[in-house]
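Down below is the structure, laid out as structure tokens.
Keep in mind it's a predicted model, so treat the numbers as computed, not measured.
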Amino acid sequence: MPQTADAHGLREDIARCVHCGFCLQACPTYLQLGKETDSPRGRIALIEAMSSGRAAPGAPPLLGHLDLCLQCRACETACPSGVPFGRIMETARGNVMEGAAAPLAWRLRAAALRQVLPHRRRIAAAMALLRGYQRSPLRRVLRRTGVLGRLPRPLRAAEASLPVLPREPFAAPPQPPGLTRTVAMLRGCVMPHLYPRTHDATVRVLNRLGYRVVFPEQEVCCGALSLHAGDRQQARALARRNIDAFLEAEIEAIVVNSAGCGSTMKEYGALLHDDPAYRERAARFAAMTRDVLEFVVAETLPALGEVPVAVTYQDSCHLVHAQKVTQAPRALLRAIPGIELRELAAPDRCCGSAGLYSLVQPAMSARLLADKMDDVRATGANVVATANPGCMMQLEAGLRQRGIEARVVHVIELLDEAMQAAGGAAP
Ligand code: SF4
Ligand code: SF4
């Protein structure tokens with residue numbers, strides 16, 4: 001069944017729900033609010049009412065409950081009936097967006113994403129402006145004079161959650177000679193600007209495992225943000241461009257270190273199922289896509305040196321619930337000498353990042369982050385590891401706000417540190 005179901009497919013997906021309620025205790029918004037309408041089961045009932053015509057598709061109270069969903073897919077993991085909630089929600093949002101009653105806010109969000117995501121130069125220019133702002137006296141002045149505090153809440157949330165951008169964005173490094181196996185790596189839209197160190201670590205690890213890493217020049221955003229915003233047309237357009245870019249190269253796999261991107265890329269086959277020109281290549285692209293942690297854990301690791309830290313691991317929703325990758329990050333962390341892994345009370349519960357969620361639903365995002373920080377503090381860990389740039393940003397913001405002395409890393413960075421500690425410079 002394609003990830004984006006047609007009307008018939010949507011009805012079939014909805015019909016799989018037997019209303020048992022096993023998903024309720026897995027749903028972050030239900031746990032916060034205790035309301036059926038903000039639970040998976042309740043949202044499925046609302047979507048069913050919309051799709052059968054019993055409720056107007058654009059009714060604001062109804063869409064509010066859909067908007068509050070993080071699309072974290074924890075309900076999918078909990079559901080014994082295999083209800084594909086992610087597909088149901090993406091299809092419902094897509095149907096609203098493509099109908100006459102799409103709310104203005106949804107249209108504006110999709111239009112803004114269309115102006116930015118396909119254009120790497122525009123993203124780079126925006127990031128350069130932001131970098132300049134963060135390093136200028138203007139930020140301090142705005143803070144001291146209270147101007148930032150008077151900004152609309154989404155802007156305030158964005159300003160507070162952004163990490164200080166490194167001086168230089170990621171630049172694809174020259175590859176060591178003599179490596180015979182080749183993988184392609186997704187750079188992503190904002191990750192090269194926010195976390196170039198994670199990309200550098202990923203390339204070094206892959207090089208040490210014997211892989212040459214290539215970066216297709218024509219790569220664009222994976223389309224996840226557009227898909228979650230209901231803009232299926234744009235998500236498909238971006239997917240086609242990535243398929244053309246990546247399948248040109250002679251590669252064994254497409255490696256991704258952003259769980260949200262990897263999850264969408266693994267679903268390209270379903271996204272383009274109805275496109276005869278791309279169906280076969282989209283399925284091939286999806287089958288070649290690997291999260292870096294599942295890719296690396298299947299390899300024979302070289303000697304690892306000691307990294308003496310107490311680590312807690314936050315599952316990224318789109319790694320654990322969408323890609324079902326749970327053990328690989330933990331196996332890698334346990335393989336590193338010196339690491340003490342201390343599990344969170346609810347490691348697979350969303351931290352409130354969820355793509356644009358922290359901007360469009362800042363209040364719920366802040367509640368989820370506050371709970372997550374309580375859990376982090378309880379572990380006493382001095383490193384918080386995860387597998388997605390959005391989670392990294394959100395967790396860093398939480399640690400800053402709460403004054404918790406810990407650093408946030410991607411798991412691959414700890415593996416890179418361990419390889420370096422063993423004396424293994426990249427070849
Ligand atoms: S667990 Fe699955 S079948 Fe049960 S209510 Fe939730 S979505 Fe429906
Ligand atoms: S995707 Fe997440 S927030 Fe949305 S209904 Fe499922 S568990 Fe709740």
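Salt-bridge check for R120 with E217: passed, with a basic side-chain N closer than 4.0 Å to an acidic carboxylate O. Using a 4.0 Å cut-off between charged side-chain N and carboxylate O, D275 and R240 make a salt bridge. Between R107 and E98 there is no salt bridge, since no side-chain N of the basic residue sits under 4.0 Å from a carboxylate O of the acidic one. Remark: R54 engages E48 in a salt bridge, criterion side-chain N to carboxylate O under 4.0 Å. A salt bridge links D374 with R402: the closest approach of a Lys/Arg side-chain nitrogen to an acidic carboxylate oxygen falls below 4.0 angstrom. Salt bridge R241/E248: absent, no basic N to carboxylate O contact under 4.0 Å. Salt bridge present: D315 and R330 bring a charged side-chain N and a carboxylate O closer than 4.0 Å. Salt-bridge formation is detected for the pair E294/K266: a Lys NZ or Arg NE/NH1/NH2 atom is positioned less than 4.0 Å from an Asp or Glu carboxylate oxygen.
Remark: side-chain polar atoms of S39 are paired, donor with acceptor, to backbone N or O of G42 under 3.5 angstrom. Counting only distance, with no hydrogens or angles, the side chain of R93 and the backbone of L66 share a donor-acceptor pair below 3.5 Å. Put simply, the side chain of H410 gets close to the backbone of I412: a donor and an acceptor are under 3.5 Å apart. Between the side chain of K372 and the backbone N or O of R349, at least one donor-acceptor pair lies under 3.5 Å. Listed for the D416 side chain is no donor-acceptor partner under 3.5 Å among the backbone atoms of V205. Between the side chain of E76 and the backbone N or O of G86, at least one donor-acceptor pair lies under 3.5 Å. For R290 (side chain) and A287 (main-chain N/O), a donor-acceptor pair under 3.5 Å exists by modelled atom type. In this structure, the side chain of R122 does not engage the main chain of L117 through any donor-acceptor pair within 3.5 Å. Of the possible donor and acceptor atoms, none in the side chain of E219 sits under 3.5 Å from a partner among the backbone N and O of A245. Judged purely by atom type and a 3.5 angstrom limit, R279 uses its side chain to pair as donor or acceptor with the backbone of H273.
Scanning all heavy atoms of the two residues, the minimum distance from M185 to P216 falls at O-CD, 4.3 Å. In terms of heavy atoms, A385 sits closest to V311 at CB-CG1, 3.8 Å. Minimum interatomic distance between P196 and P169 (heavy atoms only, all atoms of both residues): CB-C, 4.0 Å. In this structure, V297 and A331 approach most closely via the heavy-atom pair CG2-CB, 4.1 Å. Taking each heavy atom of M364 and L68 in turn, the nearest pair found is CB-CD1, 4.1 Å. Smallest separation of non-hydrogen atoms from M265 and I254: CE-CG2, 3.8 Å.
If you look at F215 and F170, their ring centroids are closer than 6.0 Å. Taking the six-membered ring where the residue is Trp, the centroids of H318 and H228 are separated by under 6.0 Å. Two rings, from F285 and Y278, have their centers 6.0 Å or more apart.
Here the CD-CG distance, from E267 to L227, works out to 8.0 Å after rounding to the nearest 0.5 Å. Note that CG of L293 is 8.5 Å distant from CG of L333, once rounded to the nearest 0.5 Å. We find the CE-SG distance between M127 and C189 to be 8.0 Å, quoted to the nearest 0.5 Å. One distance of note links CD1 of I88 with SG of C75; it measures 8.5 Å at 0.5 Å rounding. L46 contributes atom CG, which lies 8.5 Å from atom CG of D38 (distance to the nearest 0.5 angstrom). Between the SG atom of C261 and the CG atom of N388 there is a distance of 7.0 Å, given to the nearest 0.5 Å.
For the side-chain contact (heavy atoms from CB on, under 4.5 Å) criterion with T386, the lone passing option out of V411, T312, L395, V409 is L395.
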**OP:** Could you please spell out the steps behind the side-chain contact (heavy atoms from CB on, under 4.5 Å) verdict for L108 and L104?
**Re:** CA-CA 6 Å; L108 289 175; L104 182 63; 3.9 Å; yes

Original post:
Do R284 and E280 pass the salt bridge (Lys or Arg N to Asp or Glu O under 4.0 Å) test, and can you show the C-alpha distance, the side-chain angles, and the key distance before you say yes or no?
Top reply: CA-CA 6 Å; R284 190 148 48 89; E280 182 273 327; 3.2 Å; yes

**OP:** Run the numbers on Y313 and L341 for side-chain contact (heavy atoms from CB on, under 4.5 Å), then give the verdict.
**Re:** CA-CA 8 Å; Y313 176 66; L341 180 58; 4.2 Å; yes

**OP:** Run the numbers on R73 and M89 for side-chain contact (heavy atoms from CB on, under 4.5 Å), then give the verdict.
**Re:** CA-CA 10 Å; R73 293 167 70 169; M89 181 57 76; over 6 Å; no

Subject >> Stepwise side-chain contact (heavy atoms from CB on, under 4.5 Å) check, S51 with I14 >> reply: CA-CA 10 Å; S51 64; I14 288 173; 4.2 Å; yes

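Taking 4.5 Å as the limit, some side-chain heavy atom of R167 sits within range of a side-chain heavy atom of R135. Side chains of M392 and P163 form no contact here, defined as non-hydrogen atoms less than 4.5 Å apart. Within the 4.5 Å cutoff, the side chain of I251 has no heavy atoms near those of the V183 side chain. V83 is not listed as a side-chain neighbour of D13, based on a closest heavy-atom distance of 4.5 Å or more. Here the side chains of L356 and L113 are in contact, with some heavy-atom distance below 4.5 Å. The shortest distance between side-chain heavy atoms of N95 and R232 falls below 4.5 Å. Side-chain contact between L186 and S258: absent, with no pair of heavy atoms (C-beta onward) separated by less than 4.5 Å. Contact of the V296 side chain with the L301 side chain is registered, since non-hydrogen atoms from C-beta on lie closer than 4.5 Å.
No hydrogens or angles considered: a donor-acceptor pair under 3.5 Å links the side chains of W106 and D67. For E299 and Y211, the side-chain atoms include at least one donor-acceptor pair closer than 3.5 Å. At a cut-off of 3.5 Å, with distance as the only test, a side-chain donor of T29 or R43 sits close to an acceptor on the other residue. At a cut-off of 3.5 Å, with distance as the only test, a side-chain donor of S365 or Q394 sits close to an acceptor on the other residue. When only modelled atom types and interatomic distance are considered, D371 and Q32 share a side-chain donor-acceptor pair under 3.5 Å. At a cut-off of 3.5 Å, with distance as the only test, a side-chain donor of T77 or H321 sits close to an acceptor on the other residue. Using a 3.5 Å distance cut-off with no hydrogens or angles, the side chains of Y195 and N257 do not pair a donor with an acceptor.
The environment of Y133 atom OH is dense: over 12 non-hydrogen atoms of other residues, nucleotides or ligands sit within 6.0 angstrom. Environment of CD in Q233: sparse, with no more than 12 heavy atoms of neighbouring residues, nucleotides or ligands closer than 6.0 Å.
Looking at residues two or more places apart in sequence or on another chain, you find no salt bridge (Lys or Arg N to Asp or Glu O under 4.0 Å) involving D200.
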